[in-house]
Amino acid sequence: MLYLDDIEVGAKRSFGRYEVTREEVLAFAGKYDPQPFHLSDEAAAETHFGRLAASGWHTCSMTMAMLVAEMKVHPQASLGAAGIDELRWLKPVHPGDTLRCETETLEVRPSRSKPGMGSVRNRMTVFNQHDEPVLQFIAIALMRTRPA
């Protein structure tokens, strides 16, 4: 189990593999982000996307799926998250892309008001199969400290 006390600023990790499918792009967009360029090849061809593109929110969801899968392999004393900062969609994600994640720890801070927990700020970058960054944000994770 990884606790707040075990995390060092500057630490980097690489993990995940997510194959983006056309069916999933259409299903997510149809339910949560029904803009034409997420639903139609023809509509997407008339935009800067050039072809069907996943919703940015779908890309965030795929990232979360990779993160949770990683946490199952390498358990953490997670208490959820306080939010994200600086969310940027850097490049479109298309059906057929394969995504992966890299994180870098920017800050580790024990809580002053809540003993036994603290926060970690990690820069998350998601890459496609060409090692091009497609998504980046700073996650503010909450974690338990190591029990006494």
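Bear in mind that the values here come from a model prediction, so they are computed numbers and not experimental data.
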Engineer: So, for A43 and T47, which heavy atoms are closest and what is the spacing to 0.1 Å?
Structural biologist: O-CG2, 3.4 Å
Engineer: When you compare the side chain of L79 with that of R144, does any pair of heavy atoms fall below 4.5 Å?
Structural biologist: yes
Engineer: Locate the shortest heavy-atom distance separating R121 from E107; write the atom from each residue and the value.
Structural biologist: CD-OE1, 2.7 Å
Engineer: Begin with the C-alpha distance, continue with both residues' side-chain angles, and end with the deciding distance and a verdict on side-chain contact (heavy atoms from CB on, under 4.5 Å) for D33 and H58.
Structural biologist: CA-CA 9 Å; D33 192 356; H58 185 194; over 6 Å; no
Engineer: Looking at D41 and R51, does any basic side-chain N land under 4.0 Å from a carboxylate oxygen?
Structural biologist: no
Engineer: Of the non-hydrogen atoms in L52 and A44, which two are nearest, and what is the gap between them?
Structural biologist: N-CB, 3.5 Å
Engineer: Side chains of M64 and V68: does their closest heavy-atom pair fall under 4.5 Å?
Structural biologist: yes
Engineer: Would you compute the distance between atom SG of C60 and atom CG of L67 and round it to the nearest 0.5 angstrom?
Structural biologist: 12.0 Å
Engineer: Answer yes if the side chains of N122 and T103 hold a donor-acceptor pair under 3.5 Å, and no otherwise.
Structural biologist: no
Engineer: Side chains of H94 and P92: does their closest heavy-atom pair fall under 4.5 Å?
Structural biologist: yes
Engineer: Taking all non-hydrogen atoms of both residues into account, name the closest pair between T98 and R17 and its distance.
Structural biologist: CG2-NH1, 3.4 Å
Engineer: Would R100 count as a cation-pi partner of F127, with NZ or CZ less than 6.0 Å from the six-membered ring centre and within 45° of the ring normal?
Structural biologist: yes
Engineer: Atom CG in L4, atom CG in L142: separation rounded to 0.5 Å?
Structural biologist: 10.0 Å
Engineer: Heavy-atom distance under 4.5 Å between the side chains of M62 and Y18, does that happen here?
Structural biologist: yes
Engineer: Determine, for E104 against R13, whether the closest basic-nitrogen to carboxylate-oxygen distance falls under 4.0 angstrom.
Structural biologist: no
Engineer: When you measure from the side chain of W89 to the backbone N and O of G56, does any donor-acceptor pair fall under 3.5 Å?
Structural biologist: yes
Engineer: Please determine which of T125, L99, L90 meets the side-chain contact (heavy atoms from CB on, under 4.5 Å) test together with V134.
Structural biologist: L99
Engineer: Just how far is it from atom CG of L26 to atom OG of S55, taken to the nearest 0.5 Å?
Structural biologist: 12.0 Å
Engineer: Taking A53's backbone N and O only, do any of them form a donor-acceptor pair with H38's side chain (distance below 3.5 Å, no angle check)?
Structural biologist: yes
Engineer: For the CD atom of E102 and the CZ atom of F15, what is their distance to the nearest 0.5 Å?
Structural biologist: 9.5 Å
Engineer: CH2/W57 to OG1/T63 distance, rounded to the nearest 0.5 angstrom?
Structural biologist: 11.5 Å
Engineer: To check you understand the geometry: which heavy-atom pair defines the closest contact between P95 and V25, and what is its length?
Structural biologist: CG-CG2, 4.1 Å
Engineer: Distance only, no hydrogens: is a donor on one side chain within 3.5 Å (strictly under) of an acceptor on the other, for D97 and Q129?
Structural biologist: yes
Engineer: Can you name the nearest heavy-atom pair linking P133 to K91, along with the distance?
Structural biologist: O-CB, 3.7 Å
Engineer: Can E42 and S40 be counted as having a side-chain donor-acceptor contact under 3.5 angstrom?
Structural biologist: yes
Engineer: Please check if the number of heavy atoms outside R109 that lie under 6.0 Å from its CZ is greater than 12.
Structural biologist: no
Engineer: Using a 4.5 Å cut-off on heavy atoms from C-beta on, say whether the side chain of I7 contacts that of M143.
Structural biologist: yes
Engineer: Exactly one of H74, M66, K72 should register a side-chain contact (heavy atoms from CB on, under 4.5 Å) with E70. Which one does?
Structural biologist: H74
Engineer: Between atom CD1 of I138 and atom CZ of R123, what is the distance when rounded to the nearest 0.5 Å?
Structural biologist: 5.5 Å
Engineer: Side chains of D85 and I140: does their closest heavy-atom pair fall under 4.5 Å?
Structural biologist: yes
Engineer: Identify whether the distance between the nearest side-chain nitrogen and carboxylate oxygen of E24 and R22 falls below 4.0 Å.
Structural biologist: no
